[in-house]
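Taking it in order: structure first as C-alpha cells, then the write-up.
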Amino acid sequence: MRDVAVAAGVSTATVSRVANGGQGVDPDLARRVQAVIDELGYRPNLVARGLRKQATRLLALVIPDIENPFFTSLCRGVEDVARRKNFSVMLCNTDEDPGKEAAYLDVLAAHSVSGVIISAASVNSDLSALSRLGIAVVGIGRRLGPDYDCVRSDSEAGARQATRHLLSFGAERVACITGPADVVTSEERLEGYRHALELSGRPIEDELIIHADFREDGAYRAMNQLLDLPTPPDGVFVANNRMTIGAMRACRERGVHIPQQLSLVGFDDLPWADLTSPSITTMRQPTYEIGSAAAKLLLERIEGEDGPGRELVFQPELASRQSSIRRGNTG
C-alpha cells in the first residue's frame with residue numbers, strides 16, 4: 001500500500017479507500033490511483049484487514065456432503081448473493097462427521113470470518129465459540145435453535161406427501177429408509193412418513209423403518225435388509241437423493257423391478273431423475289432459493305440486524321415420474 005501511495009503521490013488512506021470501492025475519493029484521483037494499483041499488482045491483505053476489524057469479508061459455508069447435488073445448487077445460491085455484496089465464500093465439507101465439523105468451526109472462529117452458513121452435522125453441534133465472537137450464523141436445512149436464523153424446506157410435509165403418493169398408487173407395505181437418528185431432517189422425514197401411515201389407517205411397523213447414513217452404500221444395505229424380510233415392502237420412501245441411488249442399485253441386483261414390484265419415491269431431486277428408466281419420482285426442494293435466502297439473512301445480520309432467530313420455510317414439490325406408478329395405474 002505504501003508503494004502505491006508513493007507512486008501515485010497520495011496517502012495510504014486514499015489508496016485504502018480506492019482499493020475498497022473509492023467512496024469519498026475524487027473520480028479522477030481514484031482512476032489515477034487505480035492505474036498504479038493495476039500496474040504494481042497490489043491486492044489488499046484481507047487477513048491483516050481482518051485482524052484490524054476483527055472480521056474479513058469472508059463467509060463460510062459448512063455442508064455435510066459436497067458430493068450431494070442438493071448442495072451444489074444451494075452453494076450457487078449462497079455465492080451469487082455473497083458476490084453481489086463483495087463477500088467471498090469458503091466451503092467446508094464435514095462428511096456428516098461431528099468431529100470434523102467442530103474442527104472447522106474452531107478454524108472459522110480463529111480466523112474471524114464475517115459469518116457462517118451451516119447445515120449442522122447433528123443436533124449437538126456446538127456453535128458457542130462463534131456466538132461468543134459475535135460471528136453471525138444461519139442454519140440451512142436443519143434447525144439450530146431459537147437464537148439462530150434458519151432456512152429450510154418442510155421435510156415433514158414433504159415426506160408425508162411422498163408416502164401418501166405411494167399409498168395412492170396401490171402400495172400396501174411402505175418402508176422408509178431415513179438418515180442418522182441424531183440429524184433433525186432424518187427425524188422430520190421419518191415423522192412425515194409415520195403421519196401419512198396414520199392418516200391412511202395403516203400400522204407403523206418397526207421392521208419397515210431403517211436409519212442409514214444419507215449415502216448410497218448405507219441405503220444399499222438398508223434396501224437389501226428390507227428385501228430379506230419374510231414379507232418385503234412393495235413401496236419405499238427414501239429420505240434423500242444419494243440414498244435413492246443405493247436403494248435402486250440393490251433392487252436392480254436383486255431382480256426387483258421398479259415400479260412393477262416395488263414403488264419408490266426419493267426426497268431431493270436428482271439432475272438426471274427424468275432420464276433413467278424408470279424415471280424417478282422425487283420430492284423436489286428449491287435448493288438455489290434456500291441458499292440465496294440464507295445468504296441474505298446472514299448479510300442482514302452482519303450489517304447489524306438484531307432480534308430473535310428467524311425461520312424461512314419452503315415447501316417441497318412432488319415430481320411424479322415412473323418409479324411410483326404401479327403397472328395398471330395411469331395417473
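- In the hydrophobic clustering, where aliphatic and aromatic side chains (Ile, Leu, Val, Met, Phe, Trp, Tyr) are joined below 4.5 Å either directly or transitively, Y288 stands alone.
- In the hydrophobic clustering, Y220 connects to no other residue, as no ILVMFWY side-chain heavy atoms lie under 4.5 Å from its own.
- Inter-residue side-chain proximity for E300 and R310 is flagged as met; some heavy-atom pair is nearer than 4.5 Å.
- Listed by chain and number, the residues in a side-chain contact (heavy atoms from CB on, under 4.5 Å) with A181 are E187, H211 (sequence neighbours excluded).
- E67 is linked by a side chain to side chain donor-acceptor pair (under 3.5 Å) to R242, counting only residues two or more places apart in sequence or in another chain.
- For the side-chain contact (heavy atoms from CB on, under 4.5 Å) test, no residue two or more places apart in sequence or in another chain qualifies with E39.
- Counting all heavy atoms, side chain and backbone alike, M283 lies closest to L318 at SD-CD1, 3.4 Å.
- Hydrophobic clustering places I204 together with I210 (ILVMFWY residues linked when any side-chain heavy atoms are closer than 4.5 Å, directly or through intermediates).
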Going through the checks in order, is the side-chain hydrogen bond (donor to acceptor under 3.5 Å, both in side chains) test met by T14 and S11?
CA-CA 5 Å; T14 298; S11 68; 3.1 Å; yes
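- With T94 contributing its side chain and E101 its backbone, the two residues share no donor-acceptor pair below 3.5 Å.
- R152 and E311 are joined by a salt bridge, as a carboxylate oxygen and a charged side-chain nitrogen come within less than 4.0 angstrom of each other.
- Counting heavy atoms from C-beta on, the side chains of N241 and P69 come closer than 4.5 Å.
- Hydrophobic clustering (ILVMFWY, side-chain heavy atoms < 4.5 Å, transitive): V107 and V116 are in distinct clusters.
- Applying the salt bridge (charged side-chain N to carboxylate O under 4.0 Å, His left out) rule to pairs touching residues 119-136 yields nothing, sequence neighbours excluded.
- Across all their heavy atoms, F267 and T244 have their closest contact at N-OG1, 4.4 Å.
- When side chains are defined from C-beta on, C251 counts as touching L262, because their heavy atoms get closer than 4.5 Å.
- Contact check for I258 versus R252: no side-chain heavy atoms found under the 4.5 Å cut-off.
- Taking the side chain as every heavy atom from C-beta outward, P233 and V174 never approach each other to under 4.5 Å.
- The residues D228 and R254 are annotated as salt-bridged, a charged nitrogen and a carboxylate oxygen being separated by less than 4.0 angstrom.
- Hydrophobic clustering, defined by side-chain heavy atoms of Ile, Leu, Val, Met, Phe, Trp and Tyr closer than 4.5 Å, groups L312 together with L59, L61, I63, I66, F70, F71, L74, V78, V81, F87, V89, L91, I117, V138, I140, V151, I290, L297, L298, L299, I302, F314.
- Using a cutoff of 4.0 Å between basic side-chain nitrogens and carboxylate oxygens, D80 and R76 are scored as salt-bridged.
- The backbone N or O of A159 sits less than 3.5 Å from a side-chain atom of T163, completing a donor-acceptor pair.
- Closest of all the heavy-atom pairs between V238 and A247 is CG2-CB, 4.2 Å.
- No path of Ile, Leu, Val, Met, Phe, Trp and Tyr side chains, each step under 4.5 Å between heavy atoms, connects L199 with F237, placing them in separate hydrophobic clusters.
- The minimum heavy-atom distance between A250 and L227, with the atom names listed, is O-CD1, 4.4 Å.
- Looking at R142, its side chain never comes within 3.5 Å of a backbone N or O of V184 through a donor-acceptor pair.
- Looking at R17, its side chain never comes within 3.5 Å of a backbone N or O of A30 through a donor-acceptor pair.
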Tell me, with the steps shown, if N93 and D65 meet side-chain hydrogen bond (donor to acceptor under 3.5 Å, both in side chains).
CA-CA 6 Å; N93 177 59; D65 185 4; 5.8 Å; no
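- Salt bridge annotation for E96-R215: absent, with no cationic side-chain nitrogen under 4.0 angstrom from a carboxylate oxygen.
- The two residues V113 and L58 have their closest heavy-atom pair at CB-O, 3.6 Å.
- The distance from atom CG of L229 to atom CD of E205, rounded to the nearest 0.5 Å, is 9.0 Å.
- Between D149 and R301 a salt bridge is recorded (basic side-chain N to carboxylate O distance below 4.0 Å).
- Residues L108 and I135 have side chains not in contact (no heavy-atom distance under 4.5 Å, counting atoms from C-beta outward).
- Checked by atom type and distance alone, the side chain of Q161 never pairs as donor or acceptor with a backbone atom of A157 at under 3.5 Å.
- With hydrogens and angles disregarded, no donor-acceptor distance shorter than 3.5 Å links the side chain of D268 to the backbone of N240.
- Residue pairs meeting the salt bridge (charged side-chain N to carboxylate O under 4.0 Å, His left out) criterion with at least one partner in residues 159-171, sequence neighbours excluded, are E156-R160.
- Listed by first and then second residue, the salt bridge (charged side-chain N to carboxylate O under 4.0 Å, His left out) pairs involving residues 110-120 amount to none (not counting sequence neighbours).
- A distance-only check finds no donor-acceptor pair linking the side chain of D182 to the backbone of S122 [under 3.5 Å].
- Counting only residues at least two apart or in different chains, salt bridge (charged side-chain N to carboxylate O under 4.0 Å, His left out) contacts with residues 276-296 comprise D269-R284, R284-E317.
- Taking hydrophobic clusters as Ile, Leu, Val, Met, Phe, Trp and Tyr residues chained together by side-chain heavy-atom distances below 4.5 Å, V36 does not share a cluster with V6.
- Under a 3.5 Å cut-off, the side chain of S155 and the backbone N or O of E188 do not form any donor-acceptor pair.
- Across every non-hydrogen atom of Q322 and P259, the tightest pair is O-CG, 3.2 Å.
- Side-chain N or O atoms of D154 include none that pairs as donor or acceptor with a backbone N or O of Q315 at under 3.5 Å.
- The CE atom of M243 lies 12.5 Å from the CG atom of D217; values are rounded to the nearest 0.5 Å.
- Using a distance-only test at 3.5 Å, with no hydrogens or angles considered, a donor-acceptor pair links the side chain of S200 to the main chain of L197.
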Begin with the C-alpha distance, continue with both residues' side-chain angles, and end with the deciding distance and a verdict on side-chain hydrogen bond (donor to acceptor under 3.5 Å, both in side chains) for R57 and N86.
CA-CA 7 Å; R57 295 190 72 81; N86 268 340; over 6 Å; no
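- Y104 forms part of no hydrophobic cluster, judged by ILVMFWY side-chain heavy-atom separations under 4.5 Å.
- In this view, S186 and T178, P180, V183, F214 satisfy the side-chain contact (heavy atoms from CB on, under 4.5 Å) rule, not counting sequence neighbours.
- At least one side-chain heavy atom of R173 sits under 4.5 Å from a side-chain heavy atom of T231.
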